[in-house]
Amino acid sequence: MPKVLVSDPIEQVGLDLLAQVAQVDVQTNLSPAELVAIIPGYDALMIRSGTRVTAEVIAAANQLKIIGRAGVGVDNVDVPAATRKGIVVVNSPEGNTIAAAEHTLAMMLSLARHIPDANVSLKSGAWERKPFTGVEVYKKALGVIGLGKIGSHVATVARALGMRILAYDPYLSIERAEQLGCRLVELDVLFSESDFITLHLPKTPETQHLINAAALAKMKPTCRIINCARGGIIDEAALAAALKAGKLGGAALDVFETEPLRESPLKDLGLETILTPHLGASTEEAQANVAIDVAEQIRDVLLGLPARSAVNIPGLRPDVLEKLTPYMQLAETLGNLVGQLAGGRVESLEVRLQGELATNDSQPIVIAALKGLLSPALRERVNYVNAGLEAKERGIRVVETRDSDERDYTGSLQLIAKGPLETRSVTGALLGADELRITSIDDFPINVPPTRYMLLTVHRDMPGIIGKIGSLLGSFNVNIASMQVGRKLVRGDAVMVLSIDDPLPEGLLTEITKVSGIRDAYIVNL
Ligand SMILES: NC(=O)C1=CN([C@@H]2O[C@H](COP(=O)(O)OP(=O)(O)OC[C@H]3O[C@@H](n4cnc5c(N)ncnc54)[C@H](O)[C@@H]3O)[C@@H](O)[C@H]2O)C=CC1
Ligand SMILES: O=C(O)C(=O)COP(=O)(O)O
């Protein structure tokens, strides 16, 4: 059974799902050194924001296939290092959207009405009202930085509260912003016109300290800022200084440059700050959503299936993925076959998508074909994550052609591998929903299902040759499961494809090539 390490608190429902296919070990609060020490034994790692998956952890993870982030942000994972090692990183892009948006809105209203401090005051025995006089959000301007999933839900609810929304998101179309009832503006306009500012963008090298002293200086002295995205997008020292100097109205922070937050000048401020310990995703609903979403993906990857929300391989909608999965299996099998026929020295791979395949997103098909092509050389080191990178590093050029005409099959795929000396090609299609068929080899028409062990010959089409091969295999005690011959011309060249039950014994291939009329023979293991 594969082993999954769960190193942050994850809802039981996700652990139960994983336990059906894997041994699940929950070990939270591991130190970085402890994680490096135990990771070599694991096939999968499931985390939240509490675990830092550094390059060092990834270097030690010699068995790891997948890192599952039960949440959105993967800034605690060294994704480039995982990609280089062929480890798929998945997250749950939507499971906690509502939770994070509602926490943001709660923070905004709490800031406006001083609810946390009023609560503490009352419970300590006082009945004070004047110090807790607040402001209304109605008719105020809310600046949303990052109008993605969380930002747009915040904007929608805030509009219902009667707020005007200014938004800054350089990757968003004006139409989408308009649909959401937001005015897209430049960052400086957002800084200077907003009464509240809320952050909903990822932390990247570009967004690090986006809110620094200079940005804070452009804001209204009454402006209140909310960060439920990531620590480090705000320069905390600059923020604390601005608040202390009365140059800013307030701040509500759920995330911090270093978590857990220990010593910080932010803790010494009064009414104007509200701090929560990274609670944005902490609702019962969100935790169940993300645990199930990520556990399902870990299970699928451990079973050899693609993941639906991988951050380091092309993402696909679940309905598209369902349709493409059999074609990806076909592409991988054909890639493997053509790679073995070409003998490894492939300089370019042409991927011809025909029929319904030509109208689909081709990237997963190309990646699956490259994975298959490289697998004879790289074995399990190559996967959907690193196949593109590995092919590029080997100088394999990929050419894609499309032909939407349907021929004998609804969709078919041809791979043409060019090497320095020769060009080999294979074609395949699906029979029904998911049965794979090899429909031609080097343009010789055949129709065979791929099997684990195959023997291929190129020979002259002449009487007796098939019988000779049959008896030769018999004399080596090799059982033939099926056999087919494809030819273009009577008595011209032909290919013979044999499915055999066991690996070919040593020496048999040499004997086969000695048979008169045989030009070439190949053992193919799929
Ligand atoms: N506090 C918490 O517990 C939680 C925090 N988060 C964090 O919230 C943030 C947003 O999450 P989602 O809305 O799900 O992500 P998303 O990917 O749907 O949206 C992010 C948006 O930010 C925009 N963006 C990227 N770079 C930008 C830049 N330089 N300036 C302005 N906009 C930029 C993107 O175009 C995108 O529209 C992430 O950082 C995520 O990690 C998410 C869930 C819970
Ligand atoms: O999903 C995210 O990006 C979050 O920040 C949630 O973090 P958590 O899983 O609660 O540690």
Side-chain angles (χ1 to χ4, degrees), residues 6-11 14 28-29 46-53 67-77 79 89-107 143-156 166-174 176-177 179-180 182 184-191 197-211 215 226-234 252-256 259-261 274-291 293-294 309 311 315:
V6 178
S7 59
D8 282 317
I10 304 280
E11 239 352 88
T28 55
N29 296 320
M46 194 172 187
I47 56 164
R48 283 175 59 189
S49 60
T51 301
R52 286 195 61 227
V53 189
I67 299 165
R69 181 351 180 173
V72 178
V74 288
D75 45 299
N76 50 329
V77 178
V79 178
V89 181
V90 302
N91 68 352
S92 173
E94 290 173 5
N96 62 23
T97 301
I98 299 299
E102 290 183 358
H103 194 72
T104 305
L105 292 156
M107 291 286 240
V144 180
I145 304 184
L147 201 58
K149 291 181 285 294
I150 298 169
S152 51
H153 189 69
V154 168
T156 304
L166 309 176
Y168 173 74
D169 189 326
Y171 307 104
L172 198 82
S173 69
I174 297 177
R176 173 73 184 140
Q179 257 174 21
L180 291 164
C182 304
L184 269 190
V185 294
E186 285 308 314
L187 205 46
D188 278 356
V189 175
L190 185 146
F191 286 154
I197 292 177
T198 183
L199 309 182
H200 301 289
L201 66 168
K203 184 178 166 203
T204 62
E206 297 83 61
T207 65
Q208 165 87 11
H209 287 187
L210 180 77
I211 308 298
I226 303 130
N227 185 8
C228 289
R230 274 296 172 271
I233 300 176
I234 301 184
L253 309 177
D254 184 47
V255 286
F256 304 92
E259 294 181 9
L261 180 69
I274 298 174
L275 310 178
T276 52
H278 203 143
L279 289 181
S282 294
T283 63
E284 290 170 13
E285 295 87 345
Q287 283 314 304
N289 290 343
V290 297
D293 191 358
V294 171
S309 312
V311 301

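Indexing begins at 1, ligand by ligand and atom by atom, following the structure's order.
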Next on the checklist: If I compare all heavy atoms of Thr207 with all of Thr204, which pair ends up nearest, and what's the gap?
Outcome noted: OG1-N, 2.8 Å
Checklist outcome for this item: Gly71 heavy atoms within 4.0 Å reach ligand 2 at atoms 1 (O)
Checklist entry - Can you name the closest pair of heavy atoms from Ser282 and Arg48 and give their distance? => result OG-NH2, 3.7 Å
Checklist entry - For ligand 1, which atoms have a heavy atom of Ala100 less than 4.0 angstrom away? => result 43 (C), 44 (C)
Item to check | Atom indices of ligand 1, in the order listed, that fall short of 4.0 Å to a heavy atom of Thr207 | outcome: 29 (N)
Next on the checklist: Checking a contact table here: which protein heavy atom is nearest atom 4 (C) of ligand 2, and how many Å away?
Outcome noted: Arg69 NH2, 3.2 Å
Item to check | Distance-minimising heavy-atom pair for Cys182 and Ala167 | outcome: CB-CB, 4.1 Å
Checklist entry - Does ligand 1 have any atom sitting under 4.0 Å from a heavy atom of Asp254? => result yes
Checklist outcome for this item: heavy-atom search around atom 5 (C) of ligand 1 in the protein gives Cys228 O, 3.2 Å
Next on the checklist: Please list, in number order, the atoms of ligand 2 under 4.0 Å from a heavy atom of Ala70.
Outcome noted: 9 (O)
Checklist entry - Pick from Arg69, Arg52, Arg230: which one makes a salt bridge (charged side-chain N to carboxylate O under 4.0 Å, His left out) with Asp75? => result Arg230
Checklist outcome for this item: min-distance protein heavy atom vs atom 7 (C) of ligand 1 -> Ala229 O, 3.6 Å
Item to check | Per-atom contacts of ligand 2 with Ala281, taking only distances under 4.0 Å to non-hydrogen atoms | outcome: 6 (C), 10 (O)
Checklist entry - What closest approach, in Å, do Gly148 and Asp169 show between heavy atoms, and which atom pair accounts for it? => result N-OD2, 4.1 Å
Next on the checklist: For atom 10 (O) of ligand 2, what is the closest protein heavy atom, and at what distance to 0.1 Å?
Outcome noted: Arg48 NH2, 2.8 Å
Item to check | Identity and distance of the protein heavy atom lying nearest atom 31 (C) of ligand 1 | outcome: Pro170 CD, 3.3 Å
Item to check | Test of proximity, Ala281 against ligand 1: N or O pairs below 3.5 Å | outcome: yes
Checklist entry - Any N/O of Ile150 closer than 3.5 Å to an N/O of ligand 1? => result yes
Item to check | Heavy atom of the protein closest to atom 5 (O) of ligand 2 (residue, atom name, distance) | outcome: His278 NE2, 2.7 Å
Item to check | Protein contact to atom 40 (C) of ligand 1 [nearest heavy atom, distance to 0.1 Å] | outcome: Val72 CG1, 4.0 Å
Checklist entry - Just heavy atoms, cut-off under 4.0 Å: does Leu210 contact ligand 1 by side chain, backbone, both, or neither? => result neither
Checklist entry - Do Ile145 and Ile211 come close enough that some side-chain heavy atom pair is under 4.5 Å? => result yes
Checklist entry - Tell me, do Pro93 and Val311 make a side-chain contact under 4.5 Å, heavy atoms counted? => result no
Checklist outcome for this item: Heavy atoms of Asn96 and Ala281 approach each other most closely as ND2-CB, 3.5 Å
Next on the checklist: For Pro202, which part has a heavy atom under 4.0 Å from ligand 1: side chain, backbone, both, or neither?
Outcome noted: both
Next on the checklist: Less than 4.5 Å apart, side chain to side chain, heavy atoms only: is that true for Thr283 and Ile98?
Outcome noted: no
Checklist entry - Given the rule in the side chain to side chain donor-acceptor pair (under 3.5 Å) test, do Ser309 and Asn91 qualify, once you have shown the distances and angles that lead to the verdict? => result CA-CA 6 Å; Ser309 312; Asn91 68 352; 5.0 Å; no
Checklist entry - Between the side chain of Asp254 and the main-chain N/O of Gly280, is any donor-acceptor distance below 3.5 Å? => result yes
Checklist entry - Do you know which two heavy atoms are closest between Ile233 and Leu201, and how far apart they sit? => result CD1-O, 3.4 Å
Checklist entry - Asn96 heavy atoms, cut-off 4.0 Å: which ligand 2 atoms fall inside? => result 1 (O), 2 (C)
Next on the checklist: If you apply the rule side-chain contact (heavy atoms from CB on, under 4.5 Å), what do you find for Ile150 with Val154, and how did you get there?
Outcome noted: CA-CA 6 Å; Ile150 298 169; Val154 168; 4.3 Å; yes
Item to check | Per-atom contacts of ligand 1 with His278, taking only distances under 4.0 Å to non-hydrogen atoms | outcome: 1 (N), 2 (C), 3 (O)
Checklist entry - In terms of heavy-atom contacts, does CD of Glu186 have more than 12 from other residues, nucleotides or ligands at under 6.0 Å? => result no
Item to check | Nearest neighbour in protein (non-hydrogen) for atom 37 (O) of ligand 1 | outcome: Asp169 OD2, 2.6 Å
Checklist entry - Taking only heavy atoms of Gly73, which atoms of ligand 1 are found under 4.0 Å from at least one of them? => result 41 (O)
Checklist entry - Nearest protein heavy atom to atom 11 (O) of ligand 2, by residue and atom, and its distance? => result Ser49 OG, 2.4 Å
Checklist entry - Among protein heavy atoms, which sits nearest to atom 19 (O) of ligand 1, and what does the distance come to when rounded to 0.1 Å? => result Gly148 CA, 3.3 Å
Checklist entry - Do any N/O atoms on Gly73 end up under 3.5 angstrom from N/O atoms on ligand 2? => result yes
Next on the checklist: Just so I know, are the side chains of Thr276 and Met107 near enough to count as touching, which here means a heavy-atom distance under 4.5 Å?
Outcome noted: yes
Checklist entry - Do any nitrogen or oxygen atoms of Leu201 lie less than 3.5 angstrom from nitrogen or oxygen atoms of ligand 1? => result yes
Checklist entry - Hey, does Asn96 come in under 3.5 Å of ligand 1, counting only N/O atoms on both sides? => result no
Item to check | Donor-acceptor side-chain pairing of Ser49 and Asn76 below 3.5 angstrom | outcome: no
Checklist entry - Can you find a heavy atom in the side chain of Thr104 that is under 4.5 Å from one in the side chain of His200? => result yes
Item to check | Atoms in ligand 1 with a heavy atom of Tyr171 nearer than 4.0 Å | outcome: 24 (N), 25 (C), 26 (N), 27 (C), 35 (O)
Checklist outcome for this item: Looking only at protein heavy atoms, what sits closest to atom 16 (P) of ligand 1 is Lys149 NZ, 3.7 Å
Item to check | Close approach, Glu206 and ligand 1, non-hydrogen under 4.0 angstrom | outcome: no
Checklist outcome for this item: If you scan protein heavy atoms around atom 10 (C) of ligand 1, the nearest is His200 O, 3.5 Å
Item to check | Between His153 and Thr97, a side-chain donor and acceptor under 3.5 Å | outcome: no
Next on the checklist: Measuring from non-hydrogen atoms of Gly71 to any atom of ligand 1, is the shortest distance under 4.0 Å?
Outcome noted: no
Next on the checklist: Tell me the protein heavy atom at minimum distance from atom 1 (O) of ligand 2, and give that distance in Å.
Outcome noted: Val72 N, 2.6 Å
